[in-house]
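Worksheet: one structure, shown below.
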Amino acid sequence: MSLTLAIRSLFTNGHSNEWLVVKFAQTGDKKLFELLYDNCADDLYHFLVTQSDIHLAKDISQKTWLTVFEKPQLYRESGRFSAWLFTIARNKLLDEFRRTNRWQSMTDDIQNKQKIPFAYTDTIEDVFNTSLMTLPFEQREAFCLQQEGFGLQEIANITRSGVETVKSRIRYAKNSLREQLEKYHD
Amino acid sequence: MTKPNEQEHGSSKHNAHFETRISDLYQQRKSKTKSTASMKRQILQRAESEPAPHGWFRSFQRIAFAAGTLLLLSLVALQSYEFRQSPNRLVYTSVELHNIDDHQSQDYTQLSQRYQQHYQDYLQQQALLASHHQKSAILTQFENGWELRTCNQELVKISKELVATLQQMNLINGHFKSGDSVEVVFNVSGLIVGINPNKTMLKC
């Protein structure tokens, strides 16, 4: 365990995810893995649901956590554990999209969804959800990752894009959401 | 009409409000989409069926550590054994001291004298070598012979008889008068074997 992680764990209430994964890699203690899962599973699952659907999200989530279980030593202490986790998940999701040729069908779905008008009975949450899901994949993932608390550089690393590209994607996503929400208010 | 600063302030306030609004909506959406207990159970069950991560690596580490410790202890034990055995293996060497008589002292004196003689010879040879290298000189004639003066203020006197002998042996090439610049040729032993005219005037 590195000195940095040891000091950080002293100042944090309980152990950080970084400390947990390093310790798990050293000891193989499954309780540590369970703690990691409890800390991050909801965030990851929601991200995957937003980027795909419930069934694929469950599948990719399971595969991602098994990778963490089997290869915790691949985690590098230079970054946050959650960034590493989301990177694994995103790569697995894209692999699955490529394997099943689903990428094209998702784009078509988005184009169709954009044509769906809001109903008068829709709540603001419904409008937000629909607007979010109609965003292009890259804009949606950049927006979600920002909402999950990742910085621009971390998002750029996770999505293997440039920081400026990430900034643009987030700006476009927010503009679209703003436009849809303003339409709802009007 | 509102001022630009007020417009900017209003715009940033509106943006901040929008940011808060969409963050709230995102968190509301997130609260409705959570991983289930069955998902956790499935993952943990599959993890249970897997061997502990890097079990072989930790086993290897333990074996390596044990082997290293064993090797270290063996080396220490071997060293300790050799140290205990070492007195029996000591090899003694006896040295006898002989007396020093006067004969040796005399030898030393003779040796010292010979050394001084060789040193004097060496100094002579060095001086000779220095003069051998200096070839150019200014010739001065007088009744008893010639004088050759070098730029280093060294004076070589050549007797009348020697001049005559050199002339007989055709070792003096030319007719010289006082003030001529000449080249004096020495052999390896430092003897004059020729005096030749120097085409360039020696200037000291």
Side-chain angles (χ1 to χ4, degrees), chain A residues 21 24-34 37-38 40-50 54 57-59 61-74 123-133 143-144 146-149 173-178 180-182 185, chain B residues 1-2 4-70 72:
Chain A
V21 70
F24 173 63
Q26 288 173 348
T27 61
D29 185 353
K30 287 172 183 172
K31 284 180 182 172
L32 299 171
F33 174 76
E34 207 172 330
Y37 183 89
D38 292 340
C40 304
D42 286 345
D43 295 345
L44 182 71
Y45 178 64
H46 175 258
F47 172 74
L48 290 170
V49 168
T50 310
I54 291 173
K58 279 184 182 175
D59 186 35
S61 177
Q62 193 176 53
K63 284 178 180 171
T64 304
W65 282 109
L66 284 173
T67 301
V68 173
F69 182 82
E70 287 164 3
K71 298 169 184 173
Q73 73 282 358
L74 294 182
T123 61
I124 184 78
E125 288 83 13
D126 295 333
V127 174
F128 175 77
N129 287 340
T130 312
S131 305
L132 182 64
M133 295 309 286
F143 173 77
C144 286
Q146 194 193 38
Q147 291 298 316
E148 290 299 334
K174 285 182 179 174
N175 285 343
S176 298
L177 291 173
R178 185 199 296 265
Q180 296 298 318
L181 292 175
E182 281 173 356
H185 284 298
Chain B
M1 190 175 168
T2 54
N5 282 345
E6 286 174 1
Q7 280 180 342
E8 282 175 17
H9 180 68
S11 175
S12 64
K13 200 174 176 181
H14 184 68
N15 280 340
H17 176 72
F18 171 71
E19 293 281 343
T20 315
R21 186 76 181 126
I22 57 170
S23 290
D24 291 345
L25 287 167
Y26 183 86
Q27 292 304 324
Q28 280 175 27
R29 173 188 157 79
K30 203 172 156 182
S31 64
K32 290 174 188 169
T33 316
K34 292 198 169 189
S35 61
T36 58
S38 66
M39 285 169 65
K40 182 180 176 181
R41 203 166 44 246
Q42 277 183 352
I43 289 167
L44 291 176
Q45 274 175 358
R46 282 194 64 177
E48 284 293 331
S49 63
E50 297 279 335
H54 272 269
W56 63 270
F57 184 69
R58 284 204 305 281
S59 304
F60 176 76
Q61 277 183 321
R62 284 179 192 142
I63 291 166
F65 180 74
T69 311
L70 197 66
L72 187 69

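Residue numbering restarts at 1 for every chain, and letters A, B, ... go by the order of the sequence lines. These numbers come from the heavy atoms of this one structure, side chains and all, not from hydrogens, waters or symmetry mates. These figures come from a predicted structure and were not determined experimentally.
- Listed options L177(A), V49(A), N129(A), L132(A) were ranked by heavy-atom pairs under 4.5 angstrom with chain B; first place goes to N129(A).
- With D29(A) contributing its side chain and F24(A) its backbone, the two residues share no donor-acceptor pair below 3.5 Å.
- Both the backbone and the side chain of L25(B) have a heavy atom closer than 4.5 Å to some heavy atom of chain A.
- A 6.0 Å sphere centred on CG of L74(A) holds more than 12 heavy atoms belonging to other residues, nucleotides or ligands.
- Heavy atoms closer than 4.5 Å to chain B are found nowhere in K63(A), neither backbone nor side chain.
- For chain B, the nearby parts of D43(A) are the backbone and the side chain; heavy atoms of each come within less than 4.5 Å.
- Ionic pairing of K40(B) and E34(A) is present here: one or more N-O contacts between side-chain nitrogen and carboxylate oxygen are shorter than 4.0 angstrom.
- Only the side chain of F18(B) comes within contact range of chain A, with at least one heavy atom under 4.5 Å from a heavy atom of that chain.
- Contact of L44(A) with chain B is not made at all, since no heavy-atom distance falls under 4.5 Å.
- Proximity to chain A is limited to the side chain of Q28(B), based on heavy atoms less than 4.5 angstrom apart.
- Partners of S23(B) by side-chain contact (heavy atoms from CB on, under 4.5 Å), not counting sequence neighbours, listed by chain and number: Q147(A).
- Heavy atoms of F143(A) lying under 4.5 Å from chain B belong exclusively to its side chain.
- R41(B) and T36(B) are not linked by any side-chain donor-acceptor pair at a separation below 3.5 angstrom, with hydrogens and angles left out of the test.
- The distance from atom CH2 of W65(A) to atom CZ of F33(A), rounded to the nearest 0.5 Å, is 6.0 Å.
- Ranked by heavy-atom pairs under 4.5 Å with chain B, the first of A41(A), C144(A), S61(A) is C144(A).
- The line from CG of D24(B) to CD of E19(B) is 11.5 Å long, rounded to the nearest 0.5 Å.
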